[in-house]
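To keep things clear, I will list the structure first and then write my remarks on it.
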There are 2 protein chains.
Amino acid sequence: MKRRRTQSQAKILNILKSSGSALSHEMLQSELEAEMDRATIYRVLNRFYDDGLVHKVVGDDGIQYFAYCAGCDKPNNKHNHNHFHFKCLKCGNVECLQDKIQIPLPKGYVLKDFNGLISGYCNRCS
Amino acid sequence: MKRRRTQSQAKILNILKSSGSALSHEMLQSELEAEMDRATIYRVLNRFYDDGLVHKVVGDDGIQYFAYCAGCDKPNNKHNHNHFHFKCLKCGNVECLQDKIQIPLPKGYVLKDFNGLISGYCNRCS
DNA sequence: TTTATTAATGCGACTTTGTTGCAAAATTAA
DNA sequence: TTAATTTTGCAACAAAGTCGCATTAATAAA
Ligand SMILES: [Zn+2]
Ligand SMILES: [Zn+2]
Ligand SMILES: [Zn+2]
Ligand SMILES: [Zn+2]
């Protein structure tokens, strides 16, 4: 299944890139001002995710946030998102924390994925 | 508002204690075999959470898992759940990892809450 | 350029997780 | 036993996300 270059995808990718934050479907929708359908946004995001173009964080609220992959480790094209994310309780911004962490696992455990979100107040809001 | 001792709460707390894992609403419901209403389970869990009896983890799937608080730090009665959780992709078990972690934050950031979930295969399933 | 192929979109219906209003039932206190 | 108030059950609701299907649009072939 070969990917095609569509307006929708270009717009969404643009927003993700220029925002520098992890964005939820809702944030994107309001940015796009109903230029495209809800389902399309979800599908585009999932496609980006499958293609390794973005990574995903899930909030305490169960909402998915997608961030453009900038400084991600990619050993043999497999992403390794070993960093925390921070969600500001005041301004709502969700950002990647740059520090790479190492995830400790007991003997016999195999890591497949990691989702780490810190909530609080960012430097602009504290 | 004073709490009352009800059957429902006792049963749910029992299951949480004896399981030793973090349980979702669905897991509890199947364990309880329709002994009580969906909404009641949710309300009991939220009550436990508010009272600091359990803590909560949110999975990549956005589902809430509740774990009985056993070895939690409680400086002046405020919980401090500075540990990761592990969710096995095969057996579905969600457990607290004992290692206490310290969460790194850039200058000017204030931590309020933390949700960290590692997915993979547990020692019994790997 | 025109046509054919098939991926992407829009729309609506649907699922799942969780919450809420309200009357009835169950705890606790008087 | 009675009164006061918390919990529960039920049903309706809300929000996030997914899916089927017909239509549109991007790519490739002719
Ligand atoms: Zn902020
Ligand atoms: Zn990130
Ligand atoms: Zn397992
Ligand atoms: Zn825990």
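Just so we're on the same page: letters track the sequence lines, and every chain starts at 1.
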*Any side-chain N or O of A:Tyr42 less than 4.0 Å from the OP1 or OP2 oxygen of D:dG17?*
yes
*State which of C:dG10, D:dT8, D:dA11 makes the closest approach to the side chain of B:Ala39.*
D:dA11
_Can you see if the side chain of B:Lys2 gets near the phosphate of C:dA29 - specifically, an N or O under 4.0 Å from OP1 or OP2?_
yes
_Distance (rounded to the nearest 0.5 Å) between B:Phe114 CZ and A:Leu117 CG_ = 8.5 Å
_Just N and O in the side chain of A:Arg47: are any of them under 4.0 Å from OP1 or OP2 of C:dT9?_
yes
*asked:* Strictly by ring-ring contact (aromatic ring centres under 6.0 Å, His included), give each pair with a member in residues 19-45 of chain B just once, sequence neighbours left out.
replied: B:His25-B:Tyr42
_Assess the residue pair B:Phe84 and B:Asp99 against the criterion (side chain to side chain contact (heavy atoms under 4.5 Å, CB included)); give the C-alpha distance rounded to whole Å, side-chain angles, the decisive distance to 0.1 Å, and a yes or no._
CA-CA 8 Å; B:Phe84 286 116; B:Asp99 289 356; over 6 Å; no
_Among D:dT6, C:dG10, D:dT8, the one nearest B:Val44 by side-chain distance_ = D:dT8
*Is the side chain of A:Gln9 donor-acceptor paired with the backbone N or O of A:Arg4 at a distance under 3.5 Å, no angle test?*
yes
*Please state how far atom CG in B:Asp51 lies from atom C1' in D:dT6, giving the value in whole angstrom units.*
13 Å
*Between D:dT24 atom C1' and A:Met36 atom CE, what is the distance in whole Å?*
15 Å
*A:Glu26 near the nucleic acid: base, sugar-phosphate alone, or nothing, with a heavy-atom cut-off under 4.0 Å?*
nothing
*Which whole-number value in Å describes the distance from B:Asn46 CG to C:dT17 P?*
16 Å
*asked:* Going by side chain to side chain donor-acceptor pair (under 3.5 Å), B:His85 matches just one of B:Glu95, B:Lys56, B:His55. Which one?
replied: B:His55
*Tell me what B:Arg43 touches on the nucleic acid: a base, only sugar-phosphate, or nothing, going by heavy atoms under 4.0 Å.*
base
*Which whole-number value in Å describes the distance from B:Ile41 CD1 to C:dT19 C1'?*
14 Å
*Using a heavy-atom cut-off of under 4.0 Å over every strand shown, decide if A:Ser8 touches base, sugar-phosphate, or nothing.*
sugar-phosphate
_I want to check one thing: is the phosphate of D:dG17, taken as OP1 and OP2, less than 4.0 Å away from some side-chain N or O of A:Gln64?_
yes
*Looking at A:Thr6, does any N or O in its side chain come under 4.0 Å of the phosphate oxygens OP1/OP2 on C:dT9?*
yes
*asked:* By the 4.0 Å heavy-atom rule, please label A:Arg38 as base, sugar-phosphate, or nothing.
replied: base
_Can you tell me which nucleotide in C:dC11, C:dT27, D:dA26 comes closest to the side chain of A:Gln7?_
D:dA26
*Any ion pair linking B:Asp61 and B:Lys87 (charged N to carboxylate O, less than 4.0 Å)?*
yes
_If I take atom CZ in residue B:Arg4 and atom P in nucleotide C:dT27, what distance separates them, rounded to the nearest angstrom?_
10 Å
*Which whole-number value in Å describes the distance from B:Met1 CE to D:dA4 P?*
17 Å
*Starting from P on C:dG18, measure out to CD on B:Gln29 and report it in whole angstrom.*
11 Å
*Look at the side-chain N and O atoms of B:Thr40 and state whether any lies under 4.0 Å from the OP1 or OP2 oxygen of D:dT7.*
no
*Starting from C1' on C:dG10, measure out to NZ on A:Lys11 and report it in whole angstrom.*
14 Å
*Do the side chain of A:Arg5 and the base of D:dT27 come within less than 3.5 angstrom through a donor-acceptor pair of N or O atoms?*
no
*Would you classify A:Arg3 as touching base, sugar-phosphate or nothing, given that sugar-phosphate means primed atoms plus P, OP1 and OP2, and contacts are heavy atoms under 4.0 Å?*
sugar-phosphate
